[in-house]
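First comes the structure, then the notes that go with it.
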Amino acid sequence: MTNAHDTSWVRRNRMTLTPLMFLLPGVLFFLVYVISPILQSFNISLYEWDGLGEATYIGLGNYQELMSDRAFETSLWNNLKWLALYLLAIPAGLFIALFLNQTITGMRLYKSLFFFPFVLSQVVVGLVFSWFYLPREGLLNAVLSFLGMDAINVLGDPTMATYGIIAAGLWPQTAYCMILYLTGLNAVDPEQIEAGRLDGAKGWRMLWHVILPQLKPATFIAFVVTIIGALRSFDLISIMTNGGPFGSTRVLSFYMFEKALSEYGFRMGYGSAIAVVLFLIMLVFIGYFLWSMYQDEKAARR
Amino acid sequence: MFPTPIEKRSRGAQITYQTLVPLALIMWLLPLIAVALFSVRPLADFTNGNYWGVPSSFEFFTNYGKVFLESDMPRYMWNSILITVPTVVGAVALSCMTGFALGIYRFRGNLIIFFMFIAGNFVPFQILMVPVRDLTVSAGLYDTKLGLVLFHIAFQTGFCTLFMRNFIRALPYELIEAARVEGVAEWRIFWYVVLPLMKPAIAALAVLIFTFIWNDYFWAIVLTQGPDAQPVTAGITSFNSQFVAQYHLMSAGSIVAALPPVAMFFLMQRHFIAGLTLGAVK
C-alpha cells in the first residue's frame with residue numbers, strides 16, 4: 001500500500017499519535033469520573049458542607065471528630081472482622097475446588113451450580129440470607145429446631161449480626177475462589193504430580209509442596225478480589241440490617257453513606273473524611289497489588 | 001490430575017463420591033432453594049405458619065403474574081436493560097482502544113497510565129461518591145439512566161483496560177510487525193488485524209460487565225431515585241415495601257430480578273469463566 005502523505009508530519013509521528021488518539025477517550029473519561037473525584041474528596045473532607053449551601057473550611061476538624069466518634073470506631077472494627085473472616089473464602093474455595101476436581105458424568109453442571117451464587121447480585125444474596133435467618137419463617141431456625149436447638153435471631157442480635165452478614169458474603173465469594181482454583185488445578189503440570197508420586201508424596205504433602213506452588217497465580221487473584229470485596233462490603237449491610245441493630249453492623253463504607261447521603265443528615269465533609277480513611281486503608285493493599293504486578297511486568301518485558 | 005481421579009479408586013469410594021456431590025450441592029444452595037420454594041406458595045401458607053410443609057396449592061403463575069402485572073417490576077427491569085447494555089457497549093469499545101494503545105505501543109508513561117487504570121479500578125466507591133454525585137447533579141443527569149451509564153462506562157474502563165491490555169499482550173506480535181512491513185496504517189492494524197483476534201476477549205468482557213452492572217446497587221441508590229430511572233436492584237427495595245411480609249411475592253420478585261445475569265451466565269459460561277479467571281493461570 002502506498003500513501004501520498006508518506007512524509008507528512010502525521011505519518012512520521014504515527015507511532016506517538018496513534019496510541020495517543022486511542023487512549024484519549026478512555027483516559028479522559030477515567031480522569032473525570034475516577035481520578036479527579038478522589039482528589040476532590042480529599043479536599044471536601046476539609047470542609048463542613050451540607051452539599052447545597054456554602055462550604056466552610058475547617059481544616060482537619062472532621063478528622064478530629066472521627067477520633068472520638070464511637071460509631072466510627074465500631075465501623076473500623078467491623079471492617080477488620082470483614083477482612084479477617086472474608087479471607088476464609090480462599091481456603092474454602094480451594095477445598096470445594098479439590099472436592100469437585102473430578103470427571104464423573106454431570107460434573108460440568110455441578111461445577112456451574114456451585115459457582116452460580118457469584119452471579120447473583122449482592123442485593124439478592126442479602127435478601128435470600130435475611131429470609132434464611134428470619135426467626136419464625138427462616139429455614140435456619142427450622143433446621144435448628146429439627147436438631148433440637150434453640151431458635152436464634154441472627155440479624156437482631158448485635159453480637160451476631162455482623163457475622164451473619166459476613167457469612168452471607170462468604171457464599172458468593174467462596175464460589176469465586178472455587179472457580180479460580182478449578183481453573184488453576186486444570187493447568188497443574190501432570191508430570192510434576194507424577195514425579196511427586198514417585199517421590200512418595202501423597203495427600204497433604206503433595207498439595208502443599210507440589211500443587212499449591214503451582215496455584216500461586218490463582219491464589220494471588222483470590223487475595224486481591226477477596227480483600228477488595230471485604231472492604232467494599234456495602235450492599236449486604238444496607239439490605240440485611242441497614243447498619244443495625246444499634247449500629248452494630250456498620251462498616252466504613254456504610255457509615256460514610258449514612259453520614260453523607262441518608263436521612264441522618266447531609267454531612268458531605270464528614271462523610272468524605274470517612275471515605276478518605278477507607279481509601280487510605282485500601283491504598284496499602286492497592287500499593288502491594290500494583291507492586292507485585294510491576295514485578296511480573298518487569299519479568300515479562302519484551 | 002490432583003486429587004487422584006475417582007475412577008482409580010475402589011467402587012465403594014466412587015459410589016460414596018457420587019452421592020456426596022449432589023448432597024453437598026443441595027446444602028450449598030439451601031438458602032436459594034428455600035426462596036424458590038417460598039415463591040410458589042400461596043399467601044395462606046404463610047398466615048397458617050406452614051413454611052416448610054407441603055404447599056397447600058401451587059401458585060407459580062399467580063405469584064409471578066403479580067410480580068409482572070401488579071408492580072413496577074417490569075419498569076425496573078427495563079431500566080436495568082437500558083443501563084446495562086449501553087454500559088457494556090461503551091466500556092468494551094473504550095477499552096478495546098486503550099488496551100490496544102497500551103498493549104502494542106512502547107512509549108513513556110505507558111505503564112503509569114496502565115497502573116492508573118488498575119489502581120482506579122480498586123478504589124472504594126465512597127471516595128468517589130460525593131464528587132460524582134455533584135458532577136451528575138450539575139450536569140442535569142441526576143435520576144437519569146444516562147447519568148448512571150456515563151459513570152459506569154468510566155469506572156468499568158479501568159477493569160476492562162486491564163483485561164484487554166493483557167489479552168492483546170499475549171497476541172503474537174509478529175502479526176503486527178508483518179502488517180507494518182506491508183505499510184498498513186496503524187488504525188487499520190487495529191481494525192483489521194487486532195480487533196478480529198479480540199473477539200473472545202470482547203465476549204468475555206461483555207458478559208462480565210453485564211453481570212457487574214446489572215448487579216450494581218450502590219451507584220443506583222446514589223445517582224437515581226424512583227421508578228423512572230432506577231434499575232431493578234434498587235427497585236426491589238420499593239417492591240418489597242409494597243409487599244411487606246408477603247414472602248411469596250418478595251421471593252418471586254427477587255428471583256425475577258436475579259434471572260437475567262443467571263441466564264447470561266449459563267448461556268455464555270465458557271466466556272464468563274474465561275474472563276473471570278484471566279491471570280489465574282500463567
Side-chain angles (χ1 to χ4, degrees), chain A residues 1 14 16 18-19 22-23 25-26 29-30 33-35 37-38 40-41 44 98 102 104 110 112-114 116 119-124 127-129 131-132 137 139 142 179-180 183-185 187-188 193 211 217-218 221 228 231-232 234-235 253 256 260 268 271-272 275 278-279 282 286 290, chain B residues 2-3 5-6 18 21 25 28 30-32 34-35 51-52 94-95 97-98 100-101 105 107 111 113 115 117-120 122-124 126-128 130-132 151 153-155 157-158 161 183-184 186 211 215 217-218 233 236 247 254 257-258 261-262 265 269 273 276-277 279-282:
Chain A
M1 195 167 86
R14 68 184 192 285
T16 331
T18 318
F22 272 92
L23 275 174
F29 249 70
F30 208 70
Y33 268 110
V34 182
I35 304 300
I38 296 176
Q40 286 176 53
S41 280
I44 295 170
L98 289 171
Q102 297 289 351
I104 60 168
Y110 280 125
S112 6
L113 286 171
F114 264 95
F116 106 96
V119 188
L120 303 176
S121 75
Q122 298 258 304
V123 172
V124 172
L127 289 172
V128 165
F129 269 80
W131 298 331
F132 182 70
E137 299 89 341
L139 183 57
I179 207 78
L180 287 171
T183 311
L185 282 171
V188 163
I193 299 182
I211 307 295
I221 296 183
I228 299 293
L231 290 172
R232 277 213 179 134
F234 173 90
D235 302 4
S253 63
M256 183 276 169
M268 301 293 174
S272 297
L278 179 61
F279 176 74
M282 222 123 150
I286 297 174
L290 288 185
Chain B
F2 184 85
I6 201 81
Q18 276 165 347
V21 172
L25 180 66
W28 182 244
L30 208 56
L32 210 59
V35 171
Y51 306 125
W52 304 112
L94 283 186
S95 62
M97 292 162 62
T98 52
F100 174 72
Y105 299 89
F107 55 91
L111 260 193
I113 295 177
F115 278 19
F117 279 119
I118 304 177
F122 287 144
V123 300
Q126 284 71 18
I127 192 95
L128 313 177
V130 175
V132 166
F151 171 77
I153 290 179
F155 192 81
T157 300
T161 300
V184 182
E186 295 297 314
T211 311
N215 290 342
Y217 172 69
F218 182 76
T233 42
I236 193 140
Y247 291 110
S254 49
V262 171
F265 164 66
Q269 218 183 113
I273 289 175
L276 216 49
T277 55
V281 173
K282 285 269 157 70

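In what follows, chains carry the letters A, B, and so on, assigned in the order in which the sequence lines appear, proteins first and then strands, with residues in each chain numbered from 1.
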In terms of heavy-atom pairs under 4.5 Å with chain B, which of [options] leads?
options                                : answer
A/Pro217, A/Ala275, A/Ala260, A/Gly184 : A/Pro217
A/Ser112, A/Ala187, A/Pro25            : A/Ser112
A/Met282, A/Gln102, A/Gln40            : A/Gln102
A/Phe279, A/Phe132, A/Phe129           : A/Phe279

How many angstroms lie between [atom1] in [X] and [atom2] in [Y], if you round to the nearest 0.5 Å?
X        : Y        : atom1 : atom2 : result
B/Phe100 : A/Thr18  : CZ    : OG1   : 7.0 Å
A/Thr16  : B/Tyr105 : OG1   : OH    : 10.0 Å
B/Ile273 : A/Ile179 : CD1   : CD1   : 3.5 Å
B/Phe115 : B/Ile118 : CZ    : CD1   : 5.0 Å

Does any heavy atom of chain A fall under 4.5 Å from the side chain of [X], the backbone, both, or neither of them?
X        : answer
B/Leu25  : both
B/Phe218 : both
B/Ser254 : both
B/Trp52  : side chain
B/Tyr247 : side chain

Using non-hydrogen atoms and a 4.5 Å limit, figure out which bit of [X] sits close to chain B: side chain, backbone, both or neither.
X        : value
A/Ile221 : side chain
A/Leu231 : neither
A/Ile228 : side chain
A/Val188 : neither
A/Ile38  : both
A/Ile35  : side chain
A/Leu185 : side chain
A/Leu180 : both
A/Val119 : both
A/Phe234 : side chain
A/Tyr33  : both
A/Phe114 : both
A/Leu127 : side chain

Heavy-atom pairs under 4.5 Å with chain A, option from [options] with the top count:
options                              : value
B/Ala258, B/Ser95, B/Pro124, B/Pro3  : B/Pro124
B/Leu30, B/Val132, B/Ile153, B/Leu32 : B/Leu32
B/Phe107, B/Phe265, B/Phe2           : B/Phe2
B/Val130, B/Asn215, B/Leu94          : B/Asn215
B/Thr98, B/Val21, B/Ile127, B/Thr277 : B/Ile127
B/Phe151, B/Phe122, B/Phe155         : B/Phe122

Minimal heavy-atom distance between A/Pro19 and B/Ala101, with the atoms involved, is O-CB, 3.6 Å
Where is the tightest heavy-atom contact between A/Ser272 and A/Ser41, given as atom of each residue plus distance? CB-O, 3.6 Å
Beyond-backbone contact of B/Gln18 with A/Ile104, side-chain heavy atoms, under 4.5 angstrom: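 Yes - at least one pair of side-chain heavy atoms lies under 4.5 Å apart.
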Return yes if some donor-acceptor pair links the side-chain N/O of A/Gln122 with the main-chain N/O of A/Asp235 below 3.5 Å, else return no.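 Checking the backbone N and O of A/Asp235 against the side chain of A/Gln122, no donor-acceptor pair under 3.5 Å is found.
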So, B/Thr157 side chain and A/Gly26 main chain: donor-acceptor pair closer than 3.5 Å or not?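 Answer holds: no.
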